[in-house]
A.B. asks: 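Pasting a structure here, questions to come.
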Amino acid sequence: MAKWVQFVWLLVVGSRYAHGQAAAGVGFAAVNYHVDEHWPLNKTTVITGQPFSVGVDQATGMVYVLQRGGNSPMLIFDPGSGKLTNQWTEVDPSPNKILDTPHGMRLHSVAGELQAVWITDVGNNTGHVLRRFSPDGGLQDIIGVPGRSGSTLHPYLELGNVAELAFAAHEPGTNGSLSPFTFYVADGDGGPNNRLLSMHAEGHSFTVNWASGTKGSGAGQLDIPHDLDVEPVTGRVIVADRANGRLQVFSGTDGAVMEHLQCDLPAEPYGVRVLPQSTAEDLVLAVSQLQAHTVSIVHMPWGKRARVRGEVEGSDSACRVTTVLSFNATASPHLLDVHHKTGYVFVADVTSARVYKLVPAIPLS
């Protein structure tokens, strides 16, 4: 491990701040978080299944929790009080139910209003697809062939253990959920594919712009692309390349790889989100590591010139872990999401039936 990275570990989640030390001389400060132990309310009774993913409505801050099993596939919480405010009814309780084995989730807003909830499904019965739902759980669209894992792109699209998706930045739209937009898909969490897809949506029509990545450990290759996020200034796509233990940065325009960074992560990255503490000089990420029971704060100090040129200068020296929050040994932090206004990070724990609310040490609002 590089000498300029120091970890200060939390022995028990939420017992105190996780204090990290910034790398000497790099010109940025560590971003620290602590756990709100009182969130959500009645946590041991309201979360009855396995939370696999979390999504935040950026306009209202409401927190959507996607779970396998339990009384409902979707629970909706107040971000402040932690009160359960709503939940979806079972979408389809039959053996050929609509949701088979849900994995990832993204909330899609247009002009500041939540329009759709997207869910990835890795099940072998009706899964290997993306589904678009209305905010109250009504099924709107299915992308892929339910129950069939494959790699075909044209004339129809097959997905395989599709893990997660993310939406391109700066596409406000004017026609609600039918506005055209670009989104990116991490395909897959095991299965036949190890690729990043760029897709175009217009109404209920979906086409593939490009596909990038094959299985491997070289630059641009992927081994279980498990999550992704879009850097809002340049539109670059940051992928949690799980089995390779690294983050990779791809061009959002054509899928060309721009950087592959180990970052001295404690373990394989499962989830990744760009944090609002990012500046023009320093991209800040929250990265979950299920096997290490941790969430790391990662800095990519690539600077104004590199961001404008669409480049990341250097290699691992441009990617540094400054803070690690360590949960207890039974925790399995899986996927996560962030509220951009407050900086709150919400983390789904698949084994402890918990969702953690991480609060920045320095309030954003």
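Note that the structure is a prediction, hence the values are computed from the model and not measured.
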A.B. asks: Tell me the closest heavy-atom pair linking Asp349 and Pro51, and the distance in Å.
C.D. replies: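 Here Asp349 and Pro51 meet closest at O-CD, 3.5 Å.
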A.B. asks: Could you measure the distance from the CG atom of Asn244 to the NZ atom of Lys215? Nearest 0.5 Å is fine.
C.D. replies: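 One gets 8.0 Å once the value is rounded to the nearest 0.5 Å.
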A.B. asks: Looking at every non-hydrogen atom in both residues, tell me the closest pair between Val324 and Ser296 and how far apart they are.
C.D. replies: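 That closest heavy-atom pairing would be CG2-OG, 3.7 Å.
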A.B. asks: Show the nearest heavy-atom pair for residues Ser352 and Ala331, with the distance to one decimal.
C.D. replies: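 So the two residues come closest at OG-CA, 3.7 Å.
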A.B. asks: Ignoring hydrogens and geometry, is there a side-chain-to-backbone donor-acceptor pair from Ser198 to Asn209 under 3.5 Å?
C.D. replies: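 Checking the backbone N and O of Asn209 against the side chain of Ser198, no donor-acceptor pair under 3.5 Å is found.
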A.B. asks: I'd like to know if the side chain of Tyr33 reaches the main chain of Gly343, judged simply by a donor and an acceptor atom lying under 3.5 Å from each other, with no hydrogens or angles considered.
C.D. replies: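 Answer holds: yes.
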A.B. asks: For the atom pair CG (Asn193) and OG (Ser149), what is the distance rounded to the nearest 0.5 Å?
C.D. replies: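 Asn193 atom CG to Ser149 atom OG measures 6.5 Å (nearest 0.5 Å).
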A.B. asks: Indicate if Met258 and Ile238 have the same hydrophobic cluster label, given that clusters are the connected sets of ILVMFWY residues with side-chain heavy-atom separations under 4.5 angstrom.
C.D. replies: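 Same cluster: Met258 reaches Ile238 through Ile, Leu, Val, Met, Phe, Trp or Tyr contacts under 4.5 Å.
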A.B. asks: Looking at every non-hydrogen atom in both residues, tell me the closest pair between Leu114 and Ser109 and how far apart they are.
C.D. replies: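 That would be CA-OG, 3.6 Å.
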A.B. asks: Report yes or no: do Ile142 and Met105 belong to one cluster of Ile/Leu/Val/Met/Phe/Trp/Tyr joined by side chain heavy-atom distances under 4.5 Å?
C.D. replies: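 Hydrophobic grouping puts Ile142 with Met105.
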A.B. asks: Could you tell me the separation between the NZ atom of Lys43 and the NZ atom of Lys357, rounded to the nearest 0.5 Å?
C.D. replies: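 Answer rounded to 0.5 Å: 11.5 Å.
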A.B. asks: Any side-chain heavy-atom pair from Leu130 and Phe183 closer than 4.5 angstrom?
C.D. replies: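 Yes; the side chains approach each other to less than 4.5 Å.
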A.B. asks: So does Val122 get a backbone contact from the side chain of Thr101, meaning a donor-acceptor N/O pair under 3.5 Å?
C.D. replies: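 Absent.
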A.B. asks: Going from CG on Leu222 to CG on Asp241, what distance comes out if it is rounded to the nearest 0.5 angstrom?
C.D. replies: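 Reported to 0.5 Å precision, the distance equals 5.0 Å.
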A.B. asks: Once rounded to the nearest 0.5 Å, what's the spacing between atom CG of Leu283 and atom CE of Met300?
C.D. replies: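 Taking CG in Leu283 and CE in Met300, the distance rounds to 6.5 Å.
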A.B. asks: Decide yes or no on side-chain contact (heavy atoms from CB on, under 4.5 Å) for Leu99 and Arg131, but give the supporting numbers first.
C.D. replies: CA-CA 9 Å; Leu99 280 177; Arg131 292 184 177 90; 4.3 Å; yes
A.B. asks: With a 4.5 Å heavy-atom cut-off, do Phe250 and Val239 have their side chains touching?
C.D. replies: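 They are in contact (side-chain heavy atoms under 4.5 Å apart), so the answer is yes.
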A.B. asks: Are His334 and Phe52 an aromatic pair, judged by ring center distance below 6.0 Å?
C.D. replies: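 Yes, the ring centres sit under 6.0 Å apart.
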A.B. asks: Quick one: are Val338 and Pro276 in side-chain contact, heavy atoms under 4.5 Å?
C.D. replies: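 Side chain of Val338 against side chain of Pro276, heavy atoms only: contact under 4.5 Å found.
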A.B. asks: Which atoms form the tightest heavy-atom contact between Val46 and Leu41, and what is the distance?
C.D. replies: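 Closest pair (atom of Val46, atom of Leu41, distance): CG2-O, 3.7 Å.
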A.B. asks: Salt-bridged, Arg132 to Asp141, with N to O below 4.0 Å?
C.D. replies: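 Counted as a salt bridge, because a side-chain N and a carboxylate O are separated by less than 4.0 Å.
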A.B. asks: Around His38, counting heavy atoms of other residues, nucleotides and ligands shown, do more than 12 lie under 6.0 Å from its NE2?
C.D. replies: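 No, NE2 of His38 has 12 or fewer neighbouring heavy atoms, counting only those of other groups under 6.0 Å.
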A.B. asks: Is there a side-chain contact between Pro225 and Asp187 in this structure, where contact means two heavy atoms from C-beta onward sitting under 4.5 Å apart?
C.D. replies: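 No; the side chains remain at least 4.5 Å from each other.
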A.B. asks: Is it true that Asp121 and Arg68 have a side-chain N and a carboxylate O under 4.0 angstrom from each other?
C.D. replies: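 Looking at Asp121 and Arg68, the cut-off is not met.
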A.B. asks: Would a distance-only check, ignoring hydrogens and angles, find a side-chain to backbone donor-acceptor pair under 3.5 Å from Trp118 to Gly104?
C.D. replies: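 No.
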A.B. asks: In the structure I gave you, are the side-chain heavy atoms of Leu290 and Glu268 within less than 4.5 Å of one another anywhere?
C.D. replies: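 Leu290 does not reach Glu268 side chain to side chain.
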A.B. asks: Assess the residue pair Val272 and Val298 against the criterion (side-chain contact (heavy atoms from CB on, under 4.5 Å)); give the C-alpha distance rounded to whole Å, side-chain angles, the decisive distance to 0.1 Å, and a yes or no.
C.D. replies: CA-CA 10 Å; Val272 60; Val298 176; over 6 Å; no
A.B. asks: Measure from the side-chain N and O atoms of Gln248 to the backbone N and O of Gln221, and report whether any donor-acceptor pair falls under 3.5 Å.
C.D. replies: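 Side chain of Gln248 to backbone of Gln221, a donor-acceptor pair under 3.5 Å: yes, one is there.
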A.B. asks: Can you tell me which residue among Leu66, Thr120, Val65, Ile119 is in a side-chain contact (heavy atoms from CB on, under 4.5 Å) with Ser53?
C.D. replies: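 In the set Leu66, Thr120, Val65, Ile119, the residue that makes a side-chain contact (heavy atoms from CB on, under 4.5 Å) with Ser53 is Leu66.
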A.B. asks: Going by an N to O cut-off under 4.0 Å, is there a salt bridge joining Arg273 and Asp227?
C.D. replies: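 Salt bridge present between Arg273 and Asp227.
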A.B. asks: Under 3.5 Å, side chain of His299 to main-chain N/O of Val284, donor-acceptor pair present?
C.D. replies: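 Judged by distance alone, no pair lies under 3.5 Å.
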A.B. asks: Show, in sequence, the C-alpha distance, side-chain angles and deciding distance for His293 and Phe327, and conclude whether the ring-ring contact (aromatic ring centres under 6.0 Å, His included) test is met.
C.D. replies: CA-CA 5 Å; His293 324 292; Phe327 303 94; 9.0 Å; no
A.B. asks: In sequence, state the C-alpha distance, the side-chain angles, and the governing distance for Thr60 and Asp57, and then conclude on side chain to side chain donor-acceptor pair (under 3.5 Å).
C.D. replies: CA-CA 6 Å; Thr60 66; Asp57 180 349; 3.0 Å; yes
A.B. asks: Find out whether Phe346 and Phe77 are in side-chain contact, i.e. whether some heavy atom of one side chain is under 4.5 Å from a heavy atom of the other.
C.D. replies: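 A side-chain contact is absent here, since even the closest heavy-atom pair is not under 4.5 Å.
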A.B. asks: Within the structure provided, determine whether Cys319 and Gln262 are in side-chain contact (heavy-atom separation under 4.5 Å).
C.D. replies: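 Counting from C-beta outward, Cys319 and Gln262 never come under 4.5 Å.
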A.B. asks: Identify whether Leu228 and Leu159 are in the same connected component of the hydrophobic contact network (ILVMFWY, side-chain heavy atoms under 4.5 Å).
C.D. replies: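 Unlinked, Leu228 and Leu159 end up in two clusters.
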A.B. asks: Please name the pair of heavy atoms, one in Pro333 and one in Val295, separated by the smallest distance, quoted to 0.1 Å.
C.D. replies: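 Heavy-atom minimum between the residues: CB-CG2, 4.4 Å.
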A.B. asks: Identify the residue among Val56, Val54, Leu107, Leu75 that makes a side-chain contact (heavy atoms from CB on, under 4.5 Å) with Tyr64.
C.D. replies: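 Of all the options given, the one that passes is Leu107.
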A.B. asks: Do the ring centers of His108 and Phe181 come within less than 6.0 Å of each other?
C.D. replies: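 Yes, close enough.
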A.B. asks: Under 4.5 Å between any side-chain heavy atoms of Val208 and Met199, yes or no?
C.D. replies: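 Touching, per the 4.5 Å side-chain cut-off.
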A.B. asks: For the residue pair Trp210 and Tyr184, categorise the inter-ring angle as parallel (less than 30°), tilted (30 to 60°) or perpendicular (more than 60°).
C.D. replies: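 Tilted, since the angle between the ring planes falls between 30° and 60°.
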A.B. asks: Check this for me: does any side-chain nitrogen of one of Lys83 and Asp78 sit under 4.0 Å from a carboxylate oxygen of the other?
C.D. replies: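 Salt bridge flag = no for Asp78 with Lys83.
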A.B. asks: Return yes if some donor-acceptor pair links the side-chain N/O of Thr323 with the main-chain N/O of Val31 below 3.5 Å, else return no.
C.D. replies: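 Yes; at least one donor-acceptor contact below 3.5 Å.
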A.B. asks: Under 4.5 Å between side-chain heavy atoms, hopping through other hydrophobics if needed: is there a path connecting Leu265 to Ile224?
C.D. replies: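 Different hydrophobic clusters.
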A.B. asks: Kindly compute the distance separating CH2 (Trp39) from CG (Leu358), expressed to the nearest 0.5 Å.
C.D. replies: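 Between Trp39 CH2 and Leu358 CG, I get 10.5 Å after rounding to 0.5 Å.
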A.B. asks: Could you state whether Met74 and Ile98 fall into the same hydrophobic cluster, counting links through intermediate Ile, Leu, Val, Met, Phe, Trp or Tyr residues with side-chain heavy atoms under 4.5 angstrom apart?
C.D. replies: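 In one cluster with Met74: Ile98, yes.
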A.B. asks: Going through the checks in order, is the side-chain contact (heavy atoms from CB on, under 4.5 Å) test met by His339 and Val63?
C.D. replies: CA-CA 9 Å; His339 185 215; Val63 181; over 6 Å; no
A.B. asks: Would you say the side-chain atoms of Gln289 pair up with the backbone N or O of Gln291, donor to acceptor, closer than 3.5 Å?
C.D. replies: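 No, Gln289 side chain to Gln291 backbone: no donor-acceptor pair under 3.5 Å.
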A.B. asks: Apply side chain to side chain donor-acceptor pair (under 3.5 Å) to residues Asp282 and Thr279 and explain how you reach the verdict.
C.D. replies: CA-CA 5 Å; Asp282 176 27; Thr279 68; 5.1 Å; no
A.B. asks: Between Asp223 and Arg242, is a side-chain contact (heavy atoms from CB on, under 4.5 Å) present by the stated rule, with each step listed?
C.D. replies: CA-CA 6 Å; Asp223 194 351; Arg242 199 187 99 189; over 6 Å; no
A.B. asks: Determine yes or no for a side-chain-to-main-chain donor-acceptor pair under 3.5 angstrom, with Arg236 supplying the side chain and Glu231 the backbone.
C.D. replies: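 Such a contact is absent between Arg236 side chain and Glu231 backbone.
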